[in-house]
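Working notes for the structure below.
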Amino acid sequence: MAHGTFNVPYPINEPVLSYAPGTPEREALQAAYQTMYNQPPIEVPMYLGAARVTTDDKRAMTPPHEHGKVLGHFSYGTEAHVTQAIDAALEARKSWANLGWEHRAAVFLKAADLIAVPYRAKINAATMLSQGKNCFQAEIDAACEFADFLRFNAYFAQEIHAQQPESADGIWNRLEYRPLEGFVFAITPFNFTAISGNLPAVAALMGNVVVWKPSDTQVYSAQVIMEIFQEAGLPDGVINMVTCDGPVAGNVVFKHREFAGLHFTGSTGVFRHLWKTIGENLEMYRSYPRIVGETGGKDFVVAHPSANVSAVVTGLIRGAFEFQGQKCSAASRAYMPASLWPAIKAEMQAELATLRMGSPEDFGNFINAVIDRRAFDKIKGYIDYANAASDAEVIAGGGCDDSVGYFVEPTVIETSNPHFKSMVEEIFGPVLTVYVYDDSTENAFADVLDLVDSTSEYALTGAVFSQDRYALDLAAKKLENAAGNFYLNDKPTGAVVGQQPFGGARGSGTNDKAGSYLNLLRWVSPRTIKEALVSPTDYRYPFLG
Ligand code: NAD
């Protein structure tokens with residue numbers, strides 16, 4: 001029991017290091033990369049309570065930029081392993097849920113400090129190797145965003161606990177923020193190490209126990225996350241990492257009486273399927289499960305005729321092609337005014353020609369490989385489709401080479417059809433489609449905003465470039481529901497924890513805003529306690545007299 005009201009250290013965003021030539025962080029990261037690349041293949045177990053479990057069903061872990069290189073193997077589990085993970089979680093709940101929140105916070109604050117210093121190079125190198133990020137993309141994700149999530153969440157938890165109701169004379173009202181009754185299932189995507197760590201951690205911070213299933217293509221860095229949590233003192237069983245086929249895990253979890261919540265980030269189709277399954281099994285559960293899902297996007301960039309050309313070009317290149325467009329927030333459809341398009345097109349083509357592509361081992365490479373064969377084939381399919389179409393033209397990139405790694409050049413498609421396939425569907429790769437609108441009429445900009453709002457089922461991120469304040473105001477109003485994260489004169493990617501709470505609506509998710517107190521509220525079930533300090537002793541009210 002706590003003998004005090006405690007203040008979590010005020011969180012400050014972890015500084016992004018430069019990795020410029022000659023810096024100590026560059027040297028440390030290159031050394032960590034070489035060590036991990038050259039060491040004998042590692043074996044990643046499942047973390048099921050105190051047990052470290054391997055099976056005979058081994059899956060190879062290979063860098064996206066070099067699919068012939070085996071970094072190690074992880075074990076595929078069965079339904080029995082998922083059951084073991086749930087049992088371990090429910091056993092751990094007896095102690096963890098009763099631990100003072102300041103102790104839970106301390107574990108994750110320690111994990112943040114481990115990430116920031118002793119594990120920084122290792123978790124960044126693991127992210128470069130397993131997800132194919134360049135050093136900067138790894139740094140802003142695995143080191144900075146992950147540490148930020150853990151530190152800001154601890155601070156938000158304190159603020160939530162401090163929210164207490166009023167009390168009238170003679171009574172004391174209190175609100176307790178209880179963890180959910182049961183266990184939380186966290187399912188994470190390949191593309192952000194920080195998201196993978198945060199989804200189980202934020203639920204655990206609020207007193208929940210978790211079964212966590214990472215993506216098959218992120219297990220190599222997921223294992224570093226578990227190593228850090230262990231070193232930070234997270235008790236066994238609080239977060240159980242099970243590696244198996246998604247439906248195998250779902251088949252056990254979604255039929256379990258103690259299933260209390262789903263914390264999902266991934267594609268829209270998978271999330272819809274999981275929600276339906278939960279709905280079908282509703283009578284099986286003790287409580288109504290919390291369902292939190294952050295899903296796909298078809299993120300837009302709109303330029304007004306008053307926009308600054310170089311600002312638009314930079315926003316498009318960074319927004320569409322960093323991490324090969326494999327960000328849920330990546331710009332993938334652009335609406336450019338005909339009056340500016342020749343200048344934007346020329347500058348963009350010239351800049352794209354300077355981007356180098358290759359392994360993240362070479363720090364001069366801006367572009368690296370896409371995650372796996374399935375992604376490569378899917379992305380190439382969209383490029384092939386554009387090459388064959390009569391209403392579209394590939395105006396930059398388009399080359400694909402999977403001989404060593406899964407490399408796709410940053411590709412720009414120009415289309416005369418605002419509903420062209422690649423203007424509408426999420427591709428999740430380095431492909432940007434541009435529609436040029438006629439801006440010679442008075443209502444042209446307003447009309448294109450209506451088009452942006454109605455073209456896609458998603459509403460995650462979007463950006464508008466303009467130097468005209470009335471145009472920005474019009475765009476903010478007309479696109480009110482088109483994006484959960486809306487950018488003015490900046491690229492639509494790169495949300496920072498504590499600064500731009502992240503999430504979208506419509507087909508893009510439940511918009512529970514990772515990196516804000518709003519997300520933490522989904523993992524507690526408040527109990528109101530009313531205590532009469534002076535209890536009434538006579539049933540008769542004055543009016544009866
Ligand atoms: P994905 O949907 O293929 O996989 C996500 C996770 O779900 C993986 O762990 C996968 O194994 C699991 N899964 C798949 N089918 C399952 C099933 N039937 N039952 C249980 N689990 C199942 O997504 P991905 O390719 O890893 O990530 C890319 C997607 O994630 C994109 O659509 C992207 O927009 C989205 N994303 C969204 C956000 C956001 O904040 N909105 C952030 C990152 C990624």
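Atoms within each ligand, like the ligands themselves, are counted from 1 in listed order. Because only heavy atoms are used, hydrogens play no part in the values below, and waters and symmetry mates are left out as well, while side chains stay in.
Contact atoms of ligand 1 toward Val270: 2 (O), 13 (N), 14 (C), 15 (N), 16 (C), 22 (C) (distance under 4.0 Å to a heavy atom of the residue). Here is the list of ligand 1 atoms found below 4.0 Å of a heavy atom in Ile195: 42 (C), 43 (C). Each of the atoms 7 (O) of ligand 1 lies under 4.0 Å from some heavy atom of Phe264. Below 4.0 Å from some heavy atom of Phe502 lie the following atoms of ligand 1, by number and element: 39 (C), 40 (O). In the vicinity of Pro189, heavy-atom distances shorter than 4.0 Å reach the ligand 1 atoms 26 (O), 27 (O). For ligand 1, the atoms lying closer than 4.0 Å to a non-hydrogen atom of Pro214 are 9 (O). Interface of Ser215 with ligand 1, defined as ligand atoms under 4.0 Å from a residue heavy atom, comprises 9 (O). Proximity to Lys213 (heavy-atom distance under 4.0 Å) selects the following atoms of ligand 1: 9 (O), 10 (C), 11 (O), 12 (C).
The protein non-hydrogen atom at the shortest distance from atom 32 (O) of ligand 1 is Glu426 OE1, 2.8 Å. Atom 12 (C) of ligand 1 has as its closest protein heavy atom Ile187 CG2, 3.6 Å. In this structure, the protein non-hydrogen atom closest to atom 33 (C) of ligand 1 is Phe428 CE1, 3.3 Å. With respect to atom 42 (C) of ligand 1, the closest heavy atom belonging to the protein is Cys328 SG, 3.1 Å.
Each of Val497, Ile225, Ile140 was scored for a side-chain contact (heavy atoms from CB on, under 4.5 Å) with Phe146, with one residue passing: Ile225. Here the rule is side-chain contact (heavy atoms from CB on, under 4.5 Å) with Cys135, and of Leu17, Asn365, Leu29 only Leu29 fits it. Among the candidates Asp141, Leu129, Thr127, Asn124, the single residue satisfying the side-chain contact (heavy atoms from CB on, under 4.5 Å) test with Ser221 is Thr127.
Tyr19 and Glu139 share a side-chain donor-acceptor pair at under 3.5 Å.
Polar contact check, Phe190 against ligand 1: a nitrogen or oxygen pair lies under 3.5 Å apart. Residue Thr188 has at least one nitrogen or oxygen atom sitting less than 3.5 Å from a nitrogen or oxygen atom of ligand 1, judged on distance alone. Geometrically, ligand 1 and Thr295 share a nitrogen or oxygen pair separated by less than 3.5 Å. Checked against a 3.5 angstrom limit, the closest N/O atoms of Gly266 and ligand 1 fall inside it. Taking distance alone, with nitrogen or oxygen atoms compared against 3.5 Å, Asp216 stays at or beyond that limit from ligand 1. Distances between N or O atoms of Thr265 and those of ligand 1 include no value under 3.5 Å.
Cation-pi contact between Lys378 and Phe428: absent, since separation from the ring centre below 6.0 Å together with deviation from the ring axis within 45° is not met.
Of all the heavy atoms of Phe192, none lies under 4.0 Å from any atom of ligand 1, so neither backbone nor side chain is involved.
Among Gly246, Ala194, Ala330, Ala495, the residue whose heavy atom lies nearest to atom 20 (C) of ligand 1 is Gly246.
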**Item:** Tyr435 and Phe300: CA distance, side-chain angles, deciding distance, ring-ring contact (aromatic ring centres under 6.0 Å, His included) verdict
**Value:** CA-CA 11 Å; Tyr435 170 70; Phe300 57 82; over 10 Å; no
**Verdict with supporting geometry, Phe108 and Phe229, ring-ring contact (aromatic ring centres under 6.0 Å, His included)** = CA-CA 8 Å; Phe108 292 110; Phe229 286 164; 5.7 Å; yes
**Message:** What verdict does the side-chain hydrogen bond (donor to acceptor under 3.5 Å, both in side chains) test give for Thr268 and Thr295, after you've listed the backbone C-alpha separation in whole Å, the side-chain angles of each residue and the deciding distance to 0.1 Å?
**Reply:** CA-CA 5 Å; Thr268 299; Thr295 62; 3.3 Å; yes
**Prompt:** Is there a side chain to side chain contact (heavy atoms under 4.5 Å, CB included) between Asp402 and Arg373 once you walk through the steps?
**Reply:** CA-CA 8 Å; Asp402 61 352; Arg373 156 114 7 238; 2.7 Å; yes
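At least one donor-acceptor pair closer than 3.5 Å links the side chain of Gln324 to the backbone N or O of Ala369.
Between Phe152 and Tyr517, the distance from one ring center to the other does not fall under 6.0 angstrom.
Put simply, atom 4 (O) of ligand 1 has no protein non-hydrogen atoms near it, under 4.0 Å away.
By the 4.0 Å heavy-atom criterion, Ser267 is counted among the residues contacting ligand 1. A heavy-atom separation below 4.0 Å is not found between Gly269 and ligand 1. Using a 4.0 angstrom heavy-atom cutoff, Pro247 counts as in contact with ligand 1.
Note: Phe254 and Phe259 have perpendicular aromatic rings, judged against thresholds of 30 and 60 degrees for the angle between ring planes. Using cut-offs of 30° and 60° for the angle between ring planes, the Tyr33 and His65 rings count as parallel.
The two residues Arg272 and Glu457 come nearest to each other via the heavy atoms NH2-OE1, 2.9 Å.
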